[in-house]
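In each ligand, atom 1 is the first atom listed, and ligand 1 is the first ligand listed.
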Amino acid sequence: MQETWHIGIDDTDSESGMCTTYLATLLVDLLLTFPVEFLDFPNLIRLNPNIPFKTRGNGAISISFIASEEIVEDIWKKTVELVKLNADINDPKTDPGLIIIKGEVPFAFQEIYQQAIYTVIPLKRVKTLLEKHPNKHFSIKDGRGLIGATAAIGADLLSDYTYEFIAYRDLNQRKSERLIDPKSVLIADKKIPLTFNNYDYEHKKVMITPHGPDPVFCGIRGETSSAVIRMWELIKILEPIRTVMIFRTNQHTQVHFPKKYVGQDLLPHLSVKVRGIVVKKPKDFPGGHVIFTIKSGNTSVDCAAYEPTKHFRKIVRELIEGDEVLVFGGVRPASAKNPVTINLEEIKIIRLISLKERITPKCPICEASLTSAGKDQGLKCKKCSYKSPEKLYYFQQRSRKIRTGVRYVIPVCAQRHLTKPVSRNIPLQFHLSSETDFQQAFYAFLKRRSELNSHPVTSKNILAKNDQSNL
Ligand code: ATP
């Protein structure tokens with residue numbers, strides 16, 4: 001009998017290699033050797049970006065398909081083998097978790113997802129859940145990956161979602177530099193507005209290529225699968241590609257701030273939004289960090305814009321005592337040196353206090369500047385000797401450089417996977433009106449996949465390095 005199945009995987013990679021998305025790509029290839037019907041693109045689910053156990057972007061994977069009960073045992077065995085073979089288990093921090101469930105996703109899984117995007121979920125809670133619900137699961141070492149695997153199955157990408165096209169490089173290719181023509185990325189970026197975060201115009205940097213030892217050559221993010229494919233076709237590359245995959249994902253949807261917190265409730269590693277009044281104005285610290293303090297509830301909390309947040313710090317420096325703000329970020333626990341601090345990702349200004357500055361009037365006779373004539377005396381003009389009987393200062397409203405209601409977000413180069421870029425102001429109805437048949441769109445991609453794998457490698461007239469100094 002045909003049934004619906006959901007597989008969840010997490011924690012297979014380490015800082016020295018591998019990538020859970022690559023393992024998911026291998027799993028799609030494995031599933032393609034069976035008579036299964038995929039229901040969607042593989043889902044790449046980002047979870048709380050402030051989790052200390054994460055390797056890079058705290059991503060987990062789920063894959064949903066229809067298959068007969070008889071072949072699923074074989075699929076399961078081969079999936080376990082695949083994880084054993086490919087997970088970087090020699091790394092002490094890699095704790096793979098793999099789950100398969102049948103039928104409707106239980107509400108308890110959805111709850112785990114809803115909380116895993118911004119809180120810290122105890123492993124024991126997930127293991128207890130897995131004992132209660134019919135499923136098969138497999139884990140290595142502590143099996144911490146079961147948390148992400150459960151959350152990925154429980155994720156729903158119904159309201160907002162995006163796509164990421166990932167190209168994987170030859171596995172022998174260990175150099176951190178990805179050979180791509182930055183100019184082609186710039187040109188394609190302008191041609192395909194339904195993609196985003198391709199290029200950091202402020203720092204003149206290609207943003208689609210990572211720098212680590214992982215197998216990812218590039219990741220192209222966009223609103224539709226056709227947009228990310230088109231972008232891939234337009235960019236020029238200088239190294240062979242092993243394979244490609246498209247994921248549907250919660251990346252760039254800002255789901256990680258579902259709840260408003262007050263200062264006294266800030267637990268370590270939560271992703272929070274907190275409303276408060278600035279009680280200590282921003283101060284610069286060595287290393288380029290800018291820190292200010294807000295009062296929220298009955299507690300004062302430090303908020304930090306670190307050096308990598310670049311020009312965002314200029315915005316932060318404009319705050320003054322009395323301003324009311326909504327800050328978004330991750331809770332860094334208190335240390336011996338520092339109190340609990342919110343590592344800022346975004347600020348919205350709710351109310352700006354009006355700033356008045358003292359103005360000294362001009363000389364009514366010759367219009368030169370007046371200065372004080374001394375204590376308890378008026379103002380005097382050095383040019384024409386005019387003297388006023390008293391100090392006729394007046395106060396004028398000073399304009400503030402920051403505005404209420406605007407989203408001030410850290411720059412692309414410092415953003416988390418879940419951060420919603422300011423440029424991504426596509427209304428939700430866009431998603432409702434096009435490409436919502438994910439199954440059909442995924443099969444359309446699979447049909448073209450081998451052609452997309454063999455992306456022509458350009459060898460001439462290309463800037464080999466990711467160096468845009470002469471663009
Ligand atoms: P990559 O992005 O390259 O796949 P990663 O950054 O996702 O790597 P992992 O190696 O998957 O990092 O490690 C993250 C670990 O944290 C996983 O074991 C996952 O189950 C666990 N985890 C994820 N979210 C939470 C959460 N909210 N609470 C507790 N544990 C979590």
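Where the criterion is an N or O separation shorter than 3.5 Å, residue side chain and backbone included, Gln115 fails it with respect to ligand 1. Residue contacts with ligand 1: Val120 is placed with no nitrogen or oxygen under 3.5 Å of a nitrogen or oxygen of the ligand (distance criterion only). Of the polar atoms of Arg144, at least one N or O is found under 3.5 Å from an N or O of ligand 1, judged by distance alone. At a 3.5 angstrom cut-off on N or O pairs, Thr119 counts as close to ligand 1. Considering backbone and side-chain atoms together, Asp11 places an N or O closer than 3.5 Å to an N or O of ligand 1. The distance criterion of under 3.5 Å between nitrogen or oxygen atoms is not met by Leu146 with respect to ligand 1. For Gly57, a nitrogen or oxygen atom sits less than 3.5 Å from a nitrogen or oxygen atom of ligand 1, counting backbone and side chain alike.
Applying the 4.0 Å criterion to heavy atoms of Ala116 picks out, from ligand 1, the atoms 27 (N). Near Gly148, with a cut-off below 4.0 Å to any heavy atom, the atoms of ligand 1 are 19 (C), 20 (O). Residue contact check: Gly145 has heavy atoms under 4.0 Å from atoms 18 (O), 20 (O) of ligand 1. Residue contact check: Thr20 has heavy atoms under 4.0 Å from atoms 4 (O) of ligand 1. If you number the atoms of ligand 1 from 1 as listed, the ones under 4.0 Å from a heavy atom of Asp10 come out as 11 (O), 17 (C), 19 (C), 20 (O). Proximity to Ile51 (heavy-atom distance under 4.0 Å) selects the following atoms of ligand 1: 16 (O), 24 (N), 25 (C), 26 (C), 27 (N), 28 (N), 29 (C).
Remark: Arg221 fails to qualify as a cation-pi partner of Tyr163 under the 6.0 Å distance and 45° angle criteria applied to the six-membered ring. The side-chain tip of Lys259 points at the ring of Tyr261 from less than 6.0 angstrom away and within 45° of straight on.
Residue contacts with ligand 1, taken as heavy atom pairs separated by less than 4.0 Å, involve Leu47 solely via side-chain atoms from C-beta onward. Looking at Ile121 against ligand 1, both its backbone and its side chain come within 4.0 Å, counting heavy atoms. If you look at Arg46 next to ligand 1, the close heavy atoms, those under 4.0 Å, all belong to the side chain. Contacts between Asp214 and ligand 1 below 4.0 angstrom, taking non-hydrogen atoms only, are absent altogether.
The CD atom of Glu239 sits 9.0 Å away from the CD1 atom of Ile180 when rounded to the nearest 0.5 Å.
Side-chain contact check for Ser64 and Asp40: no donor-acceptor pair (N or O, by modelled atom type) lies under 3.5 Å. Between Asp156 and Tyr161, the side chains place no donor N or O within less than 3.5 Å of an acceptor N or O (distance only, hydrogens not considered).
Looking only at side-chain heavy atoms (C-beta outward), Ile61 and Ile45 stay at 4.5 Å or farther from each other.
Nearest to atom 23 (C) of ligand 1 by heavy atom, out of Thr21, Asn58, Asn48, Ile147, is Asn58.
Phe41 and Phe247 have their aromatic ring centers separated by at least 6.0 angstrom. Proximity of the aromatic rings of His256 and Tyr118 is defined here by a centroid distance below 6.0 angstrom, and this criterion is not met. If you look at Phe109 and Phe107, their ring centroids are not closer than 6.0 Å.
Remark: side-chain polar atoms of Arg248 are paired, donor with acceptor, to backbone N or O of Leu157 under 3.5 angstrom.
In this pair, His289 and Tyr306 present their aromatic rings perpendicular. The plane angle is above 60°, beyond the 30 to 60° band.
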